[in-house]
Protein chains: 2
Amino acid sequence: MSTLTNRQILLASRPAGEPTVDNFKLVETPVPELQDGQVLVRHHYLSLDPYMRGRMNEGKSYAQPQPLGEVMIGGTVGEVVQSRNPNFQVGDKVVGMGGWQEYAVVDAHQRGVLQKVDTTHIPLSAYLGAVGMPGVTAWYGLVKIIEPKAGETVVVSAASGAVGGVVGQLAKVRGCRAVGIAGGPDKCRYVVEELGFDACIDYKQHRDVRSLASALKEACPDGIDGYFENVGGMMLDAVLLRMNAFARIALCGMISGYNGEPIPLQNPQLLLVNRVKLQGFIVSEHMDVWPEALKELGTLVATGKLKYRESIAQGIESAPEAFIGLLKGRNFGKQLVKLI
Amino acid sequence: MSTLTNRQILLASRPAGEPTVDNFKLVETPVPELQDGQVLVRHHYLSLDPYMRGRMNEGKSYAQPQPLGEVMIGGTVGEVVQSRNPNFQVGDKVVGMGGWQEYAVVDAHQRGVLQKVDTTHIPLSAYLGAVGMPGVTAWYGLVKIIEPKAGETVVVSAASGAVGGVVGQLAKVRGCRAVGIAGGPDKCRYVVEELGFDACIDYKQHRDVRSLASALKEACPDGIDGYFENVGGMMLDAVLLRMNAFARIALCGMISGYNGEPIPLQNPQLLLVNRVKLQGFIVSEHMDVWPEALKELGTLVATGKLKYRESIAQGIESAPEAFIGLLKGRNFGKQLVKLI
């Protein structure tokens with residue numbers, strides 16, 4: 001067996017404000033020999049996700065910070081190319097948290113670190129998107145927090161993204177009116193015409209809360225019963241102005257503040273006036289719902305009823321630039337890095 | 001039967017900012033003859049509550065605005081002095097929504113508009129406080145939203161008030177650490193020494209969020225698991241800085257913004273980082289829990305285990321001034337107007 005070379009991206013320094021490519025470092029290392037119980041996975045795709053921005057900071061957040069000088073964390077799909085574990089065979093397709101690198105040595109006896117997946121009806125990359133963490137995130141926030149009833153109106157920000165696109169489609173399956181907020185006419189057209197939302201608002205056409213709230217009024221004639229928040233800032237302010245009594249907000253992300261921008265909520269009184277329930281959540285803390293969520297998501301993808309789009313960057317060296325673009329909304333759908 | 005004269009306070013005009021006595025008008029009217037099914041109640045006490053400020057405004061809130069030129073709404077306790085309803089006898093003690101007036105003619109056949117109460121073990125006025133709407137408000141927010149577990153820390157603002165005082169005592173009954181926030185050393189001393197809270201912070205000693213958060217850190221060494229919010233503004237900002245993961249906020253009132261002051265929430269991201277659940281509520285929409293709540297509250301008051309204090313203004317003519325004082329925190333405990 002010839003010695004393989006792995007290319008990895010490390011966190012070189014912590015960003016002050018917006019991350020730059022200088023915060024990352026590409027290194028080459030030899031792939032070590034496997035120990036008993038380990039498998040070697042060659043990554044086909046690396047997932048880039050907004051939560052990674054939080055991990056780059058030092059200090060208190062919901063997770064430990066990404067250590068400096070170590071491989072950036074991240075979800076991956078790939079193929080087993082060597083195995084010293086009886087549960088995995090060479091050729092198995094797997095999903096795991098392999099990080100920003102071309103190969104990962106995985107202690108596969110630890111429960112849950114590596115899952116075999118079936119690619120007969122579902123493309124491998126979908127396990128990083130609609131049938132993976134982003135899909136379950138959408139499912140959890142919608143089904144378990146918003147708890148939509150048929151006929152209600154559900155709004156989602158970052159609607160063309162990996163999470164937002166699933167939120168709206170799942171809301172439609174449940175008989176709701178689904179309204180997206182996205183950046184630019186192309187994304188909005190995609191959200192309505194391809195994903196089947198009832199309407200989509202281009203936030204770039206709205207410079208202030210009043211203008212955005214007015215667009216929401218038009219798109220949501222019966223008010224807003226559920227809101228799935230990925231962005232925060234002006235979007236949350238505007239949505240609150242149009243919320244119905246007993247509305248629910250699933251607080252999944254606030255990407256508008258990820259670089260330290262102040263994003264005060266202007267009128268928290270509206271949460272009281274409308275008796276709103278707001279719940280922050282992180283999907284990895286709700287592993288109990290994953291089987292139920294993945295069953296619905298997998299079936300919908302396999303039968304072509306749940307649509308999604310991918311932005312694919314090529315090669316591990318492109319990951320930092322692609323990640324920075326994701327934070328600026330330059331991606332269109334699920335952001336992946338293709339490594340083969 | 002001689003003709004009785006009723007003295008009433010009407011809403012004369014809507015306040016721009018802080019209410020003044022000129023927004024109210026005292027009138028004298030004759031008490032009409034009863035129709036079949038009606039009873040005449042002589043009010044012993046009128047309840048003054050912060051929610052009334054919201055009703056004085058025009059425009060959308062959770063309730064209809066108080067109409068101009070009509071008797072101000074409000075909870076009352078009193079005695080039946082005439083009855084043409086077989087369910088009520090002269091001498092019955094009753095609680096209802098009689099409004100700011102000395103007498104009320106009540107269509108007592110409507111279910112729930114008038115409740116007979118037992119004053120053997122519970123003082124009549126308590127049915128406007130700890131064993132009435134404020135008590136049930138405290139109970140609902142604590143038990144149904146915060147859902148405290150023994151050993152957790154619960155913080156409540158306006159801790160010496162009619163609602164806040166009950167929140168902390170109910171939290172203590174459930175084995176929690178109870179920490180109050182109140183205005184001034186007398187109120188804080190009362191909250192700790194008489195009501196039995198573990199600590200109380202005098203917000204008047206803290207000019208900014210950082211200072212208040214630091215006091216909370218000292219008073220809540222294990223962080224904050226539940227927060228019962230009556231005030232909003234700086235208090236909510238400070239509490240959020242000290243919240244534990246999976247904390248719950250019962251959003252009951254935001255009196256700091258009732259006169260239209262802007263009270264932005266500075267760091268809504270903390271709701272996400274700490275996976276906080278925040279729920280706005282109005283106790284009158286949860287009538288199903290009243291029997292259970294009143295049973296606990298009544299037992300605790302009757303056995304002397306639930307303590308409270310009353311600020312009593314004398315005479316219907318004193319109601320506007322007393323109400324304005326309540327909004328400024330000049331009351332100490334439950335604000336009542338004694339009418340006999």
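A note on names: the letters A, B, ... follow the listed sequences, proteins ahead of strands, and every chain is numbered from 1. For the numbers below, each heavy atom of this structure counts, side chains included, while hydrogens, waters and symmetry mates do not.
B:L265 CG to A:N267 CG: the interatomic distance, rounded to the nearest 0.5 Å, is 11.0 Å.
The salt bridge (Lys or Arg N to Asp or Glu O under 4.0 Å) test applied to A:R174 returns A:E296, not counting sequence neighbours. With sequence neighbours left out, B:R177 forms a salt bridge (Lys or Arg N to Asp or Glu O under 4.0 Å) with no residue at all.
Heavy atoms of other residues, nucleotides or ligands lying less than 6.0 angstrom from CZ of B:R210 number 12 at most.
When all heavy atoms of B:R275 and A:F281 are compared, the closest pair comes out as CG-CA, 3.9 Å. Taking all atoms of both residues into account, the shortest heavy-atom contact from B:L271 to A:L251 is CB-CD2, 3.7 Å. Nearest approach of A:L272 to B:M254, heavy atoms of both residues: CD2-N, 3.9 Å.
Note: A:I263 leads A:L270, A:I263, A:I145, A:D237 in heavy-atom pairs under 4.5 Å with chain B.
A:P268 touches chain B through backbone and side chain together, each having a heavy atom under 4.5 Å away.
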